[in-house]
Asker: 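Before we start, here is the structure in question, set down as structure tokens.
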There are 2 protein chains.
Amino acid sequence: MTFKGKRFNIKNVTGYIFEIYRKVVCIVTIKKVAELAGVSTATVSRVLNNKGNVSARTKMIVEDIIHEMEYEPNDLARMLYRGRSNMIALLVPDIMNPFFPELARAVEDTAKSEGYTCILCNTDGDYYKEISYIKAITQKKIDGVIIVSNTITEDEVDDINLPVVMLDRKTKANVNSITIDNQAGVQDAINFLKSLGCKKIAHLAGPENDINAQVRKDYYLKEVGQEKWFDSDMIAFGDYDFDKSVIATKKILSNNSDIDGLFAGNDLMGFGALKAAYDLRIDVPKSLSVIGFDGISLGETVTPSLTTMEQPIYDMGMYAVKILLDQIEGEKVYRHKKFFAQLKKRESTKQGD
Amino acid sequence: MTFKGKRFNIKNVTGYIFEIYRKVVCIVTIKKVAELAGVSTATVSRVLNNKGNVSARTKMIVEDIIHEMEYEPNDLARMLYRGRSNMIALLVPDIMNPFFPELARAVEDTAKSEGYTCILCNTDGDYYKEISYIKAITQKKIDGVIIVSNTITEDEVDDINLPVVMLDRKTKANVNSITIDNQAGVQDAINFLKSLGCKKIAHLAGPENDINAQVRKDYYLKEVGQEKWFDSDMIAFGDYDFDKSVIATKKILSNNSDIDGLFAGNDLMGFGALKAAYDLRIDVPKSLSVIGFDGISLGETVTPSLTTMEQPIYDMGMYAVKILLDQIEGEKVYRHKKFFAQLKKRESTKQGD
DNA sequence: TTGAAAGCGCTAACAG
DNA sequence: CTGTTAGCGCTTTCAA
């Protein structure tokens with residue numbers, strides 16, 4: 001027998017009928033499968049979940065129908081029944097900030113490998129967006145959320161009715177957190193510059209309202225505040241912004257031609273510093289050594305490539321998901337994991353030994 | 001009356017009791033709200049959705065309870081009833097590729113503003129990951145999907161049972177698509193280099209299995225294939241990868257010292273070309289003009305900043321969502337929108353007039 | 001081994 | 001104006 005140029009045996013014909021049925025009736029539910037298989041929905045469910053006892057014969061029949069009908073269970077119904085969605089959300093200020101794609105990738109990878117789907121939310125560090133996202137997330141019965149935020153208050157975090165991991169931010173003891181050791185990182189950065197022979201080290205700082213930025217600036221101060229050469233002119237504000245960093249660096253370098261080291265509070269500002277030096281025809285690293293903080297992969301592509309204190313971004317994201325899932329699955333203990341940044345020598349600093 | 005150091009009036013006490021109730025009973029459902037308000041769930045639902053007739057008095061009572069109990073409707077239940085989730089998915093090869101964060105941002109922004117939530121999926125261009133994501137998406141009753149992919153076949157796209165927009169890829173007439181005009185873009189790039197006086201223009205091409213990469217290479221060939229100076233040595237493969245591009249560019253430049261123009265198939269490869277030139281002490285743009293393709297924002301931060309054919313990435317993402325939502329809401333016509341890349345002059349090409 | 005039935009939390013006909 | 005009821009598609013007792 002042939003039809004539409006295809007050969008059909010009995011089996012094929014059955015398949016074809018099912019196909020028509022599927023296309024016309026459109027939504028194949030467990031009920032329809034059950035009907036066609038001549039069993040109850042309970043049995044189909046048992047086959048579906050490989051749970052409970054089903055005779056080999058029945059199982060085969062059901063599986064056949066499932067296959068023929070290309071039946072796929074409706075996850076919404078399952079979620080509703082279970083009261084869980086197997087989804088987690090990631091709240092970041094802005095995925096366009098080069099720090100976050102790597103984090104997002106880690107989170108998504110890890111989530112997927114554990115059977116979870118990942119929702120991406122850009123908050124712009126805007127308080128109202130954060131709140132509105134958290135509300136939406138709660139209503140959607142998202143199972144947990146990883147938050148990167150400087151704006152959200154501890155009380156608000158406390159109020160969130162689902163498992164939370166705060167990233168890059170110290171929190172109360174009853175909220176999970178993942179942080180980077182800024183103190184050690186900054187010390188290492190400054191000491192490295194000093195070991196290179198830098199005699200006057202400036203700092204390009206992030207926004208005043210950003211906690212990490214403040215902390216890094218403070219540790220910079222702690223390291224160099226006592227030095228004879230130090231004065232408050234040594235600090236410029238790049239606000240985590242490339243353009244602002246270019247301008248700020250130009251200003252500080254023009255006013256202090258003897259600056260021979262620069263520690264940027266993040267890599268993007270480091271890029272700005274490199275650009276400023278280039279524009280001013282200052283040779284990096286010969287006359288000026290620049291070190292950043294973050295370790296974004298683009299640091300390798302700029303010229304000269306940017307030496308930096310590299311955060312284990314991927315690991316941080318991965319670990320955040322791990323902690324979150326543990327909480328979702330019922331773990332009661334809150335965890336606070338601290339990661340360490342590691343010196344990544346590249347071209348923007350003088351070559352030491 | 002005071003309790004736990006707080007002052008309470010009758011109203012507060014009620015609130016406090018509700019709070020305890022909420023914390024203990026944990027899940028506040030429409031049923032509980034109805035009970036407490038002394039009405040039926042139907043009425044609560046009507047208040048919730050501002051639909052149907054409810055007396056002002058009843059409405060107030062219900063709203064009060066909702067507020068006191070901090071009741072938030074369970075979206076899963078709503079979704080199940082409606083058969084829709086108000087979520088869309090974005091499938092990209094890898095969010096760490098700097099082209100995609102901007103796209104993701106546009107998609108997420110637009111989706112959010114239309115009341116949709118956005119799911120992020122990294123496929124690595126891997127066929128099986130794509131299929132598995134699409135299956136998961138279908139089961140989750142995600143309403144639609146935007147796909148960036150070179151690997152997925154047309155038949156597979158055809159088989160997807162929900163609205164689809166393909167990005168950066170020509171498709172059958174019955175699938176929505178958003179593309180960039182590669183022909184015009186490449187012509188503009190090459191013509192611009194020629195207008196600068198470049199006499200020998202090389203090309204850094206993307207992977208052989210990437211359609212856009214191939215098309216760009218073909219149009220490059222069309223533009224310069226007839227030139228006396230041209231031979232197949234003028235094409236190097238950077239495979240959309242920074243490191244490979246550095247190596248490939250070094251090789252091609254070493255073998256052909258008279259190359260004075262280079263067209264990279266994307267910006268990341270452009271970065272590689274700049275790095276190669278820097279390492280070889282070739283002055284960009286004086287001895288070599290480099291132009292990329294994409295217009296990623298990082299192009300501004302490298303040194304020298306990269307001239308490029310800028311795609312309206314954000315607009316493309318926005319438009320993709322618009323088309324997708326139209327389809328979701330029942331639009332029957334398939335749309336094929338072509339965008340144009342625009343020359344963005346920066347420092348990596350000689351300054352023309 | 002299997003089916004009937006209740007229910008996850010919500011919405012919307014349909015009556016009253 | 002409001003309540004009753006059925007049902008979205010699935011899972012899981014509880015009986016048979």
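Letters A, B, ... mirror the listed sequences (proteins, then strands); counts begin at 1. Given the structure is predicted, the values throughout are model-derived calculations rather than measurements.
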Asker: What's N53(B) touching, base or sugar-phosphate or nothing? Going by heavy atoms closer than 4.0 Å.
Answerer: base
Asker: Does a side-chain heavy-atom distance below 4.5 Å link I142(A) with I119(A)?
Answerer: yes
Asker: Are more than 12 heavy atoms from other residues, nucleotides or ligands located less than 6.0 Å from atom NE2 of H67(A)?
Answerer: no
Asker: For a 4.0 angstrom threshold against heavy atoms of chain A, report the outermost contacting nucleotides of DNA chain C in 5' to 3' order.
Answerer: dT1(C) to dG9(C)
Asker: For a quick check of understanding: with a heavy-atom distance under 4.0 Å over all strands, which category does N49(A) fall into, base, sugar-phosphate or nothing?
Answerer: sugar-phosphate
Asker: Could you pick out which residue, L76(B) or R46(B), lies toward the 5' side of DNA chain C when each is mapped onto its nearest nucleotide?
Answerer: L76(B)
Asker: More than 12 foreign heavy atoms under 6.0 Å from NZ of K322(A): is that the case here?
Answerer: no
Asker: Does a side chain donor of either T138(A) or E72(B) reach within less than 3.5 Å of an acceptor in the other side chain?
Answerer: no
Asker: Identify, between L80(B) and A42(B), the residue whose nearest nucleotide on DNA chain C lies closer to the 5' end.
Answerer: L80(B)
Asker: Check whether more than 12 heavy atoms from other residues, nucleotides or ligands sit under 6.0 Å from atom NZ of K112(B), and answer yes or no.
Answerer: yes
Asker: Could you tell me which residues satisfy salt bridge (Lys or Arg N to Asp or Glu O under 4.0 Å) with D94(A), sequence neighbours excluded, listed by chain and number?
Answerer: R105(B)
Asker: What is the 5' to 3' range of DNA chain D, first to last nucleotide, that sits under 4.0 Å from any heavy atom of chain A?
Answerer: dG9(D) to dT12(D)
Asker: Indicate, with a heavy-atom threshold strictly under 4.0 Å, whether S45(A) touches base, sugar-phosphate, or nothing.
Answerer: base
Asker: I want to check something: taking the side chain as every heavy atom from C-beta on, are I137(B) and L91(B) in contact at a cut-off of under 4.5 Å?
Answerer: yes
Asker: Can you confirm whether D326(A) sits close enough to I323(A) that some side-chain heavy atom of one is under 4.5 Å from a side-chain heavy atom of the other?
Answerer: no
Asker: Pick the nucleotide of DNA chain D nearest each of V39(B) and R82(B); which residue has the one closer to the 5' end?
Answerer: V39(B)
